Amino acid sequence: MITTEMLTGQSTEHLIDLCGNHRLQPAAAKAFLELQAAAERAGFNLQPASTFRDFARQQMIWNEKFTGIRQVMDAQSQPINISCLDAGQRCIAILRWSAMPGASRHHWGTDLDIYDPDLLPEGQKLLLEPWEYLENGYFNHLTQWLTANMNRYGFYRPFLHDRGGVAAEPWHLSYYPLAQEAERQLTPQTLLACWENQEIEGYRWLSQHLDSIFERYITNIDGVSS
Ligand SMILES: [Zn+2]
């Protein structure tokens, strides 16, 4: 059981260091290191690209996307001109690829984005776009190996298919034994409480539509029924 502060990215007390500048909960870190060792035996250099992210960082990403400072992408990873959209349309566009501040699975210390630096072509920057991980992408073999092996170590992909809500994120892995607890704890009420006295762009629209946002973007994802 983690506290509300841990659940919403406002505490780091539940985390330990992983692979240098990354952080996860101890059990998730241990499981990831075992997965990483197994991947190495299979010829992969499995590395975290992003692990824990705090509330302030998610808030900055959200607010910068809402105000057009940071690029917002559509389902085909093409940039959207957000200045033409009203508040609700902006929120929906951002939610395809980014969670609301306080509602990111990266707050929990159970979830991480992965890649293999050795498979990246020379000079190619990691984009975290689906094509990199799917057929003909340079991480395709890693994706297939993870699909066949990660469950044994407690990992699954919560964002596997695009259902019109959250986009498919084949790079995003979740440590199920701890993540399922966090999923149960996160509610619209928890989120509203953590937004008090915080500057959240689109707050009025978000707070009026929070139940349906949870339904569409948070509780209705792969492998999770509630
Ligand atoms: Zn992720």
Side-chain angles (χ1 to χ4, degrees), residues 1-42 44-55 57-58 98-116 128 133 139 142-161 163 165-191 194 214-226:
M1 194 68 137
I2 59 175
T3 65
T4 303
E5 286 71 28
M6 294 170 186
L7 189 68
T8 53
Q10 295 171 311
S11 168
T12 58
E13 280 176 41
H14 55 317
L15 306 174
I16 59 165
D17 287 344
L18 171 78
C19 305
N21 50 359
H22 291 282
R23 285 179 289 184
L24 287 177
Q25 290 194 45
K30 182 170 180 285
F32 177 72
L33 291 174
E34 288 166 7
L35 179 69
Q36 191 179 46
E40 191 178 352
R41 290 193 291 276
F44 297 106
N45 180 14
L46 179 67
Q47 294 295 333
S50 174
T51 50
F52 170 74
R53 193 181 305 145
D54 69 11
F55 180 91
R57 170 105 184 123
Q58 195 70 24
S98 295
M100 298 173 286
S104 172
R105 298 178 68 98
H106 284 278
H107 295 330
W108 301 346
T110 60
D111 284 45
L112 74 165
D113 302 332
I114 56 82
Y115 77 123
D116 181 340
L128 291 181
Y133 290 79
F139 299 138
L142 175 65
T143 301
Q144 289 179 1
W145 184 86
L146 286 167
T147 301
N149 293 280
M150 65 183 170
N151 293 4
R152 221 177 305 147
Y153 300 88
F155 289 94
Y156 78 114
R157 293 190 186 95
F159 309 124
L160 189 52
H161 301 291
R163 292 183 175 174
V166 182
E169 296 187 10
W171 55 81
H172 186 111
L173 309 187
S174 184
Y175 183 61
Y176 185 72
L178 294 173
Q180 63 173 347
E181 283 297 316
E183 269 164 26
R184 265 201 287 273
Q185 280 179 256
L186 185 65
T187 64
Q189 292 71 33
T190 315
L191 201 55
C194 106
F214 261 68
E215 174 84 8
R216 182 169 170 190
Y217 297 94
I218 297 181
T219 53
N220 185 28
I221 54 179
D222 293 290
V224 182
S225 54
S226 75

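Along the sequence shown, residues are numbered consecutively beginning with 1. Since the structure is predicted, the reported quantities are computational estimates derived from the model, not experimental observations.
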By side-chain contact (heavy atoms from CB on, under 4.5 Å), which residues pair with Ser104, not counting sequence neighbours?
-> Arg53, Gln58, Ala99, His106, His107
Where is the tightest heavy-atom contact between [X] and [Y], given as atom of each residue plus distance?
| X | Y | answer |
| --- | --- | --- |
| His22 | Pro48 | NE2-O, 3.4 Å |
| Arg157 | Thr147 | NH1-OG1, 2.9 Å |
| Leu191 | Pro101 | CD1-O, 3.5 Å |
| Thr51 | Arg23 | OG1-N, 3.0 Å |
| Leu24 | Phe32 | CD1-CB, 4.4 Å |
| Phe139 | Asp116 | CE2-O, 3.2 Å |

Supply the atom-to-atom distance [X] [atom1] to [Y] [atom2], rounded to the nearest 0.5 angstrom.
| X | Y | atom1 | atom2 | answer |
| --- | --- | --- | --- | --- |
| Ser50 | Arg57 | OG | CZ | 8.0 Å |
| Ile218 | Arg105 | CD1 | CZ | 10.0 Å |
| Phe44 | Asn149 | CZ | CG | 9.0 Å |
| Glu169 | Tyr133 | CD | OH | 10.0 Å |
| Ile114 | Gln47 | CD1 | CD | 10.5 Å |
| Trp108 | Leu15 | CH2 | CG | 14.0 Å |

Answer yes or no: is there a donor N or O on one side and an acceptor on the other, between the side chain of [X] and the main chain of [Y], under 3.5 Å?
| X | Y | result |
| --- | --- | --- |
| Glu181 | Ile2 | no |
| Gln185 | Thr4 | no |
| Gln25 | His14 | no |

Intermediate values then yes/no, side chain to side chain contact (heavy atoms under 4.5 Å, CB included), Met100 and Tyr217 | CA-CA 10 Å; Met100 298 173 286; Tyr217 297 94; over 6 Å; no
Step-by-step side chain to side chain contact (heavy atoms under 4.5 Å, CB included) determination, Leu46 to Leu142 | CA-CA 8 Å; Leu46 179 67; Leu142 175 65; 4.2 Å; yes
Does some side-chain heavy atom of Asp111 sit less than 4.5 Å from a side-chain heavy atom of Pro158?
-> yes
Determine whether Leu128 and His172 make a side-chain contact, defined as any pair of heavy atoms from C-beta on separated by less than 4.5 Å.
-> no
Set of ring pair (Phe, Tyr, Trp, His ring centres under 6.0 Å) partners for Tyr175, sequence neighbours left out |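 For Tyr175 the ring pair (Phe, Tyr, Trp, His ring centres under 6.0 Å) partners, ignoring immediate neighbours, are Phe155.
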Should the heavy atoms of other residues, nucleotides or ligands under 6.0 Å from CD of Glu34 be counted, would the total exceed 12?
->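 Yes.
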